[in-house]
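As the structure is a computational prediction, the values presented were derived from the model and not from experiment.
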Amino acid sequence: MRTLAMPSGRSIPVLGQGTWGMGEDPGRKRQEADALRLGMDLGMTLIDTAEMYGEGGAEEVVAAALAGRRDQAFIVSKVYPHNAGRRAVQAACERSLARLGTGHIDLYLLHWRGSVPLAETLEGFEALRKAGKILDYGVSNFDVDDMREAAGAGVAVNQVLYNLARRGVEWDLLPWCRKHGMPLMAYSPLESSAAEQAALLGTPGLMRVAERHNASAAQIALAWLLHQEGVVVIPKAVSLRHVRENRAALDIVLNAEDIAELDAAFPPPRRATPLDMR
Ligand code: NAP
């Protein structure tokens, strides 16, 4: 798996697996863990989760998927903003570690910015890093002004909504991250809601590129994100067919004609816009 360097010097895989929506229904947990395990077998060892997903249920699914193979995985989890105080974050992290059945989280993120002062959260993260409970820390849903405030505090990544239909980050946030050697993690790369996903994947320009590559529209949407410099992509899939397709997207090489056609169908931003969020 191709990797990117984080500011700490450690590396992060460019394609992983999301878990939002997992762990909510006990009857589906086995199927969800099987999907994550297949993804790991195929090389998608980065698993993105959060204490919020299924109120801890998703982290338990991740633990089930990683039984006996924790050392192969790169675990990303996130703390709720209301648990992100200097001391509260220590306790939240311990709860996540217990649910994940591991001694450390590879990358721990502030899920979005809340009322706790950022400096306090970052101090808490730094204490967790020194204690070996987390290896790197970062943020999510931070716009460029928030990033400027966080600069120089050891932040490893910013995880934001980014896909063909939502390209606002290309105006200022993505260039800022690149300038600072900080990978940007693209969440909802396929648009999580059914209606928005159908609109994205049904766009004629995207479908034409997919046809030329004998690929699905979803694979081209992922390949396009993977083509962007400094971007990590974390599609979520429970269907095993989707898991296989998503892994195969890594091997699709888009040419200049493909990129031009996708730019025509999904124009890049022409001005600054506020960051989109789920
Ligand atoms: P997504 O990965 O863009 O889309 C997930 C949906 O796409 C599911 O319905 C999945 O179906 C389907 N899908 C997956 N692969 C497919 C394929 N090859 N072809 C067609 N459909 C496919 O949306 P997401 O879950 O919102 O985002 C991904 C991950 O990012 C999340 O799971 C979470 O880990 C993270 N995230 C973070 C934030 C944040 O605030 N930091 C917000 C949102 C998401 P099946 O499951 O049925 O296979």
Side-chain angles (χ1 to χ4, degrees), residues 4-8 10-14 16-20 22 45-56 58-59 62 73-86 88-97 99-100 102 104-129 131-144 146-147 149-162 169 173-174 176-177 180-189 230-236 275-278:
L4 294 172
M6 294 183 284
S8 63
R10 268 181 294 276
S11 46
I12 181 167
V14 292
Q17 307 184 75
T19 64
W20 189 22
M22 293 189 186
T45 53
L46 183 156
I47 300 184
D48 180 84
T49 190
E51 63 173 343
M52 183 184 100
Y53 302 162
E55 290 303 328
E59 290 180 325
V62 174
F74 185 106
I75 302 180
V76 184
S77 194
K78 314 184 197 78
V79 62
Y80 268 125
H82 62 256
N83 284 339
R86 200 182 289 105
V89 74
Q90 316 296 314
C93 185
E94 289 293 350
R95 290 193 296 272
S96 283
L97 289 170
R99 284 188 294 261
L100 288 162
T102 182
H104 74 275
I105 291 169
D106 295 85
L107 177 60
Y108 196 43
L109 309 181
L110 173 61
H111 209 148
W112 64 90
R113 207 168 168 177
S115 56
V116 172
L118 180 60
E120 235 197 78
T121 302
L122 294 173
E123 268 176 46
F125 279 167
E126 188 53 32
L128 285 166
R129 195 189 62 75
K133 308 274 182 186
I134 63 175
L135 300 189
D136 273 289
Y137 55 84
V139 295
S140 178
N141 297 301
F142 268 40
D143 210 340
V144 74
D146 300 311
M147 291 314 290
E149 199 180 323
V155 169
V157 302
N158 184 13
Q159 183 178 120
V160 295
L161 177 55
Y162 181 33
V169 301
L173 187 58
L174 184 53
W176 191 96
C177 289
H180 291 80
M182 195 183 285
L184 180 142
M185 297 181 75
Y187 76 66
S188 303
V231 173
V232 171
V233 188
I234 48 168
K236 170 257 175 188
L275 182 66
D276 260 344
M277 259 181 86
R278 273 270 157 254

Kindly write out the residues that satisfy ring pair (Phe, Tyr, Trp, His ring centres under 6.0 Å) with W176, not counting sequence neighbours, or none if the list is empty. H180

Between P13 and V232, which heavy-atom pair has the shortest distance, and what is it? O-CG1, 3.4 Å

How long is the span from the CE atom in M6 to the CG atom in L135, to the nearest 0.5 Å? 8.0 Å

In sequence, state the C-alpha distance, the side-chain angles, and the governing distance for L161 and M277, and then conclude on side chain to side chain contact (heavy atoms under 4.5 Å, CB included). CA-CA 6 Å; L161 177 55; M277 259 181 86; 5.8 Å; no

For K78, salt bridge (Lys or Arg N to Asp or Glu O under 4.0 Å) partners two or more places apart: D48

Residue set satisfying salt bridge (Lys or Arg N to Asp or Glu O under 4.0 Å) with R278, at least two apart, ordered chain then number -> E191, E196

Hits for side-chain hydrogen bond (donor to acceptor under 3.5 Å, both in side chains) against D106, two or more places apart or cross-chain, chain-then-number order -> R70

Residues two or more places apart in sequence or in another chain: which of them pass side chain to side chain contact (heavy atoms under 4.5 Å, CB included) with E94? L97, K133

For the student: nearest non-hydrogen atoms of A92 and V79, plus distance: CB-CG2, 3.8 Å

Over all heavy atoms of both residues, which pair between V89 and G124 is shortest? Give the atoms and the distance, please. CG1-CA, 3.7 Å

State, to 0.1 Å, how close P235 and G16 come at their nearest heavy-atom pair, and which atoms those are. CD-O, 3.4 Å

Which distance, rounded to the nearest 0.5 Å, do you find between the CD1 of I75 and the OG1 of T102? 5.0 Å

Quick one: pull up CG in L107 and CG in L46 and give me the separation to the nearest 0.5 Å. 7.5 Å

Decide yes or no on side chain to side chain contact (heavy atoms under 4.5 Å, CB included) for N158 and L173, but give the supporting numbers first. CA-CA 9 Å; N158 184 13; L173 187 58; 3.7 Å; yes

What pairs with A88 under side chain to side chain contact (heavy atoms under 4.5 Å, CB included), at least two apart in sequence or on another chain? none

Who are the side-chain hydrogen bond (donor to acceptor under 3.5 Å, both in side chains) partners of Y162, not counting sequence neighbours? E170

Could you go through the side chain to side chain contact (heavy atoms under 4.5 Å, CB included) check for W112 and F142 one step at a time? CA-CA 7 Å; W112 64 90; F142 268 40; over 6 Å; no

Can Q159 and Y187 be said to form a side chain to side chain contact (heavy atoms under 4.5 Å, CB included), step by step? CA-CA 7 Å; Q159 183 178 120; Y187 76 66; 3.8 Å; yes

Using modelled atom types and a 3.5 Å cut-off, is there a donor and acceptor pairing between side-chain atoms of E120 and backbone atoms of G85? no

How about V231 and L174: do any of their side-chain heavy atoms sit closer than 4.5 Å? yes

Contacts of R113 meeting side-chain hydrogen bond (donor to acceptor under 3.5 Å, both in side chains) (sequence neighbours excluded), chain-then-number -> D146, E149

Taking atom types as modelled and ignoring hydrogens, do the side chains of E51 and S96 form a donor-acceptor contact shorter than 3.5 angstrom? no

Can you tell me how far the CG atom of L128 sits from the CD atom of E123, to the nearest 0.5 Å? 12.0 Å

Pairing residues for R129 by the side chain to side chain contact (heavy atoms under 4.5 Å, CB included) criterion, not counting sequence neighbours: E126, I134, Y137

Indicate yes or no for a side-chain donor-acceptor contact from D143 to the backbone of L275 under 3.5 Å, with no hydrogens or angles considered. yes

Can you name the residues that form a side chain to side chain contact (heavy atoms under 4.5 Å, CB included) with S11, not counting sequence neighbours? T3

Kindly compute the distance separating CH2 (W20) from CD1 (I234), expressed to the nearest 0.5 Å. 11.0 Å

Which residues pass the ring pair (Phe, Tyr, Trp, His ring centres under 6.0 Å) test with H111, sequence neighbours left out? Y53

Nearest non-hydrogen partners of I105 and C93, listed with the distance: CD1-SG, 4.3 Å

Mind checking what makes side-chain hydrogen bond (donor to acceptor under 3.5 Å, both in side chains) contact with T45, not counting sequence neighbours? none

Please name the pair of heavy atoms, one in P81 and one in L110, separated by the smallest distance, quoted to 0.1 Å. CA-CD1, 3.9 Å

So F125 and V155, do their side chains get closer than 4.5 Å, heavy atoms only? no

Of V139, V116, N83, which meets side chain to side chain contact (heavy atoms under 4.5 Å, CB included) against T121? V116

